Number of protein chains: 2
Amino acid sequence: MKENATREEQKKTAGRPRDPRTTRSILKAALELGMELGFDGLTVEGIAARAGVGKSTIYRRWPDAWSIVADAVFADVARIAPVLERATARESFRASMRLVARSFRGQHGEILRPLIGRAQVDKSLRLALAEHWLSARREISRKIVRRGIASGELRAGLEPDIVLDALYGPLYHRLLLPYEGDVVHLSDAYIDALVDTVFGGLERK
Amino acid sequence: MKENATREEQKKTAGRPRDPRTTRSILKAALELGMELGFDGLTVEGIAARAGVGKSTIYRRWPDAWSIVADAVFADVARIAPVLERATARESFRASMRLVARSFRGQHGEILRPLIGRAQVDKSLRLALAEHWLSARREISRKIVRRGIASGELRAGLEPDIVLDALYGPLYHRLLLPYEGDVVHLSDAYIDALVDTVFGGLERK
DNA sequence: TTCGATACGGTACGTATCGTATCGTAGTTG
DNA sequence: CAACTACGATACGATACGTACCGTATCGAA
């Protein structure tokens, strides 16, 4: 059972305990190097050199370079893009999706994009992504949909997961597959238009 | 200007011409090895060995292993998932999205997923993806939306690209970020439910 | 205090793959 | 025949991999 260093419970084992400052310097070095050289060119040896630690110190904590990045990113998911609950479902999603879009636009998106990319060929990363990035948010979001149906704001018979796919799917689509230019332009205006479109539907009423 | 070997115009130049069988055997070897070992472990040397060619023969045609995979995949995009035009926009997208979902479920999806993943750290692959996989289909799809608005089937004022994001975004979301289990379950029933939800909207009428 | 256990920075090692260069041979054009 | 390019093969220096040590540092328990 491999453990992420940041999630360690630090049981009272015999021997010298791991230095948290060492862990932090490795995480910091990984993100810095990734932003500078691109996460493609990230190497364990490079991270070790930048952090001023030995390779063995890194391999004692993580199995490879990508696990370090994952740890660094997932450390504060809840802080960066929490699900906000407002009076209506529409307003809840509008606000929550704006936060996600904001994180995609910024430095967080520049890290998350290669991370999701790498997850396509790295099963453990895939699982970590599902667990730390998606599942928690989904759970709350489903409740918002159900509450909207109960209150009469939303149509009866809606499948919560499909609703969430329709709302959040476009964000990931735009993040991962920009088809015009290179810029991810997930502006607030785009979110508003998207929410209006999906909530209102496509058919003429 | 690097050229893809499959797109070569094969001008009448002096010297020995490239053997098309050699090109085909390289493309075949790349896909086979990718499926067997995972596209992560794909190497130029491995492809050369499997195809029975020298490394230089590969480097004469492609700059790296991923370009070979991209060539092999994009060769027949139009054949695998064309945009179908039906009497209504709703039926057009329902049929077209079913085809995309079918390709995602099959072997094509197993290749496209790592390819999109790699595109997150490979700019040229990113561009090739936008050009060969997305742009052509988008163009036709936008017309379908506009026609739907003109005919009165769809609401006036809809932004075609946002409509397409709402429809296709969920498919990519499910392909790249499965959050329950490992199976991509883009069934026909899911597509139907998705189309119904997006076309009908979320709000109670 | 002594002792076992683990962390730490550092280094050496064999393996794998990269992308380039250079053979000699084969096939095509002029 | 001459010029030119494709082709398979191999050698090459360069990186990064992951493992195995080393000697030292820091903990808990006896």
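What you are looking at is a predicted structure, and each value in this text was computed from that prediction instead of being measured. Note on naming: letters A, B, ... go to the chains in the order of the sequence lines (proteins, then strands), and numbering restarts at 1 for each one.
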Problem - Length of the line joining B:I26:CD1 and D:dA6:C1', which is rounded to integer Å - result: 11 Å
Problem - Note, B:R98 side chain near B:D192 side chain (heavy atom, < 4.5 Å) - result: yes
Practice task
Indicate the ring-plane relationship of B:F104 and B:W133, choosing parallel, tilted or perpendicular according to the 30° and 60° boundaries.
Solution key: parallel
Handout entry: N or O in side chain of B:T57 less than 4.0 angstrom from D:dG8 OP1/OP2
Key = yes
Exercise for the section: Could you tell me whether B:D19 contacts a base, only the sugar-phosphate backbone, or nothing, with contacts defined as non-hydrogen atoms closer than 4.0 Å? Expected result: sugar-phosphate
Problem - Any B:R61 side-chain N or O less than 4.0 Å from OP1/OP2 of D:dT5 - result: no
Practice task
With the side chain of A:E45 defined as its heavy atoms from C-beta on, choose the nearest nucleotide among C:dA5, D:dC17, D:dG8.
Solution key: D:dC17
Practice task
Return the value, rounded to whole Å, for the distance between atom CG of A:L42 and atom P of D:dA16.
Solution key: 11 Å
Fill in the blank from the handout: B:W66 atom CH2 is separated from C:dG19 atom P, nearest whole Å, by 14 Å
Exercise for the section: Can you figure out which of D:dC17, D:dC4, C:dT20 approaches the side chain of B:K55 most closely? Expected result: C:dT20
Practice task
For the pair B:R50 and B:E32, find out whether any cationic side-chain nitrogen is under 4.0 Å from an anionic carboxylate oxygen.
Solution key: yes
Exercise for the section: Classify the nucleic acid contact of B:G52 as base, sugar-phosphate or nothing, counting any heavy atom under 4.0 Å across all strands shown. Expected result: sugar-phosphate
Handout entry: Side-chain donor/acceptor contact of B:S56 with base of D:dA9 under 3.5 Å
Key = yes
Problem - A:Y59 OH - C:dC8 P separation (whole Å) - result: 16 Å
Practice task
Return the 5'-most residue of the pair A:V44, A:G15 with respect to DNA chain D, ranking by each residue's nearest nucleotide.
Solution key: A:V44
Practice task
Using whole Å, report how far CZ of B:R21 lies from P of D:dA6.
Solution key: 16 Å
Handout entry: Separation of atom CD1 in B:I58 from atom C1' in D:dG8, rounded to whole Å
Key = 12 Å
Practice task
Check whether any side-chain N or O of A:S103 sits under 3.5 Å from a backbone N or O of A:H108 as a donor-acceptor pair, and report yes or no.
Solution key: no
Exercise for the section: To the nearest Å, give me how far apart CH2 (A:W62) and C1' (C:dC8) are. Expected result: 14 Å
Problem - Separation of D:dC7 P from B:R24 CZ (nearest whole Å) - result: 12 Å
Problem - Pairwise distance OG(B:S92) to CG(B:L84) - rounded to 0.5 angstrom - result: 8.0 Å
Problem - Out of C:dA5, D:dG18, C:dC18, whichever nucleotide has its closest atom nearest the side chain of B:T43 - result: C:dC18
Problem - Phosphate OP1/OP2 of D:dA25: any A:R16 side-chain N/O under 4.0 Å - result: no
Exercise for the section: Using only heavy-atom distances, decide whether a donor-acceptor pair under 3.5 angstrom links the side-chain of A:T13 to the base of D:dG28. Expected result: no
Fill in the blank from the handout: Of B:A51 and A:D64, the one whose nearest nucleotide on DNA chain D sits closer to the 5' end is B:A51
